[in-house]
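The shown structure was predicted, so the numbers you read here are calculated from the model rather than taken from an experiment. Quick note: numbers below take in every heavy atom, side chains included, and nothing from hydrogens, waters or symmetry partners.
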Amino acid sequence: MLHNSHSLTRLVGELKKLPGIGEKSACRLAFHLLRSPANIIALAEALNEVKSRVRFCSVCFSITEDDPCAICRGNRDDSIICVVEEPQDVLAIERSGAFRGKYHVLHGVLSPLSGITPADLKIAQLLERVSNSSIKEVVIATNFSVEGEATAIYLTGLFRNHGVRVTRLAHGIPIGSDLEYIDSATMQRAVQGRSEV
Amino acid sequence: MKSVTDDAIVIGLLDYRESDRIVSLFTREHGRINGIARGARRSVKRFGGVLELFARLTVNFTHSDSLVTIREVDVFSIYPGIRSSFEGIAHAGYACELVSLLAPERQANQRLFRLVTAYLGHLDESSATASDRHFFEINLLNILGYRPPLDSCAGCGSNLAVFGGVWSATLEDGIFCKRCSGRGGLLDGATVSLLLESMKCGRFGQIVFDQNSIREAEAFLEAFIASNISRPLKSLAFLRLSP
Ligand SMILES: [Zn+2]
Ligand SMILES: [Zn+2]
């Protein structure tokens with residue numbers, strides 16, 4: 001169908017690489033863009049700008065345009081640092097407004113079946129940050145997957161002799177839910193992680 | 001389309017497209033199968049936090065040529081004991097990778113299913129040990145038809161459990177006694193005995209390897225397994241991180 005336009009074929013090819021976009025959707029998007037040249041230019045400019053301006057913060061490894069990032073430079077609690085898997089996790093916690101400390105992005109998790117070890121993550125940088133600062137508490141906010149748990153256990157061991165408090169985000173039953181509808185995996189974790197009231 | 005229900009262990013997970021997940025399962029009645037769980041990443045309601053590595057499930061799926069479609073799952077256990085220990089996760093991950101690489105696709109093997117569930121159950125309740133790991137490895141190899149030739153010397157037929165053995169890196173020619181072959185990895189008679197006994201014993205925790213046997217069995221089994229799989233084991237790097 002696109003054999004007579006090399007550039008259109010190329011655009012469809014690039015769009016198809018995006019998550020959740022198949023051949024059909026890619027064609028639909030490409031033809032939509034073709035119909036509005038102004039949109040094409042705006043999209044191209046936005047992509048270029050992201051490419052040239054967005055980078056990783058050299059302190060916390062979150063995404064930023066200015067290095068260090070606004071959170072690292074800002075007036076936040078220096079004594080507490082929250083460790084997350086990916087930059088989007090920083091956004092999720094920031095949206096809640098519940099955390100006033102700083103962050104550290106690992107860029108992944110330890111994974112037995114993918115062979116991802118500490119050397120593949122920003123763990124050495126985290127250790128250095130904690131050793132050379134006034135950090136008193138490390139909050140581990142990796143996901144509650146097997147990999148996230150393995151990473152949390154590993155970090156806990158790593159900081160055992162560093163004189164810092166290590167905490168883990170609480171997990172369990174979602175706010176506003178009925179016990180009878182909770183899946184048994186969540187229930188098992190909630191029971192295991194029960195706390196004194 | 002007809003759907004079937006089976007007991008299963010999650011032995012691998014892969015995010016697929018925007019919201020799906022490819023799940024590798026080892027099932028009691030259908031052997032190792034790969035399935036797609038549509039919407040598993042988006043909808044917590046449908047599959048809960050249940051499609052997790054090592055989780056033991058009852059799974060309902062519909063057959064197709066390549067990927068089965070997972071319709072419903074019910075969790076039997078997520079093995080919270082394994083998940084709360086780094087060594088537990090490392091050993092369970094290693095066990096799952098071995099099953100992924102060695103168990104043939106869509107071939108029921110109830111003995112292997114019992115071995116894997118027994119190992120996960122044991123890891124969930126007690127701390128991971130090298131003895132249990134080697135017990136699992138040798139039994140897995142035996143059940144899948146990869147039994148190492150540990151009984152007698154490939155040269156003179158002498159009893160390796162008495163005289164000990166020597167294996168070479170290729171492992172192709174079998175295992176020799178010390179008189180028939182001078183070079184290679186050593187297997188003390190005691191180590192050979194422990195490995196042979198492991199294949200006769202039905203329970204985890206009964207057979208305890210001593211320090212020397214652990215060292216010898218580890219080197220031998222790693223080489224033997226490596227010679228039977230198509231790519232290096234990724235979980236070994238993780239296993240070596242365990243203190
Ligand atoms: Zn920063
Ligand atoms: Zn011999």
Side-chain angles (χ1 to χ4, degrees), chain A residues 16-26 85-86 108-121 123 140 142-158 160-161 168 171-174 177-178 180-194, chain B residues 10-20 24 41-42 44-58 73-98 100-101 231-243:
Chain A
K16 258 168 55 182
K17 291 179 190 164
L18 300 173
I21 306 286
E23 173 89 33
K24 256 191 199 159
S25 308
E85 292 179 16
E86 301 292 347
V109 261
L110 299 176
S111 165
L113 293 180
S114 309
I116 296 172
T117 61
D120 302 312
L121 307 175
I123 286 182
I140 302 173
T142 51
N143 289 329
F144 289 98
S145 61
V146 166
E147 291 85 352
E149 311 261 34
T151 309
I153 299 166
Y154 182 83
L155 293 177
T156 306
L158 203 61
R160 188 158 292 140
N161 299 317
R168 179 94 167 102
H171 57 75
I173 294 159
S177 49
D178 274 353
E180 63 172 316
Y181 297 120
I182 299 295
D183 68 89
S184 19
T186 304
M187 190 60 89
Q188 280 185 18
R189 286 187 217 178
V191 171
Q192 209 198 19
R194 68 192 182 277
Chain B
V10 179
I11 57 171
L13 283 167
L14 199 68
D15 287 344
Y16 183 66
R17 298 227 169 131
E18 185 78 329
S19 61
D20 304 339
S24 211
R41 294 172 65 200
R42 197 179 289 156
V44 180
K45 220 180 274 167
R46 182 117 185 256
F47 295 109
V50 163
L51 285 177
E52 277 278 299
L53 216 47
F54 327 136
R56 171 109 184 255
L57 318 163
T58 306
V73 289
D74 204 8
V75 72
F76 172 79
S77 179
I78 57 160
Y79 297 116
I82 295 179
R83 299 173 68 109
S84 60
S85 136
F86 194 85
E87 300 83 71
I89 293 173
H91 282 77
Y94 174 71
C96 288
E97 193 177 17
L98 282 183
S100 292
L101 289 179
R231 62 157 174 84
L233 286 156
K234 293 181 178 168
S235 54
L236 269 183
F238 203 83
L239 205 55
R240 294 200 175 105
L241 285 175
S242 311

Which bit of A:L18 is near chain B, if near means a heavy-atom gap under 4.5 Å: side chain, backbone, both or neither? neither

Based on non-hydrogen pairs under 4.5 Å, which of A:A150, A:G115, A:G157, A:P112 is most in contact with chain B? A:P112

Sort B:I82 into side chain, backbone, both or neither according to what part of it lies under 4.5 angstrom from a heavy atom of chain A. neither

Need one label for B:S100: side chain, backbone, both or neither, based on atoms under 4.5 Å from any heavy atom in chain A. neither

With a 4.5 Å heavy-atom cut-off, do B:R83 and A:V146 have their side chains touching? yes

By side-chain contact (heavy atoms from CB on, under 4.5 Å), B:A95 pairs with (sequence neighbours left out) B:Y119, B:F136

For B:F76, is it the side chain, the backbone, both, or neither that has a heavy atom closer than 4.5 Å to a heavy atom of chain A? backbone

By salt bridge (Lys or Arg N to Asp or Glu O under 4.0 Å), which residues pair with B:R231, not counting sequence neighbours? B:E97

Using non-hydrogen atoms only, which part of A:S114 is less than 4.5 Å away from chain B: side chain, backbone, both, or neither? backbone

Identify which part of A:T151 has an atom lying under 4.5 Å from any heavy atom of chain B, answering side chain, backbone, both or neither. neither

Restricting to non-hydrogen atoms, name the atom on A:T117 and the atom on B:A237 that form the minimum distance, rounded to 0.1 Å. CG2-CB, 3.9 Å

Hey, can you tell me if B:F86 and B:F238 have their rings parallel, tilted or perpendicular (30° and 60° cut-offs)? parallel

Taking the side chain as everything from C-beta on, heavy atoms only, tell me whether A:V109 gets closer than 4.5 Å to A:I116. no

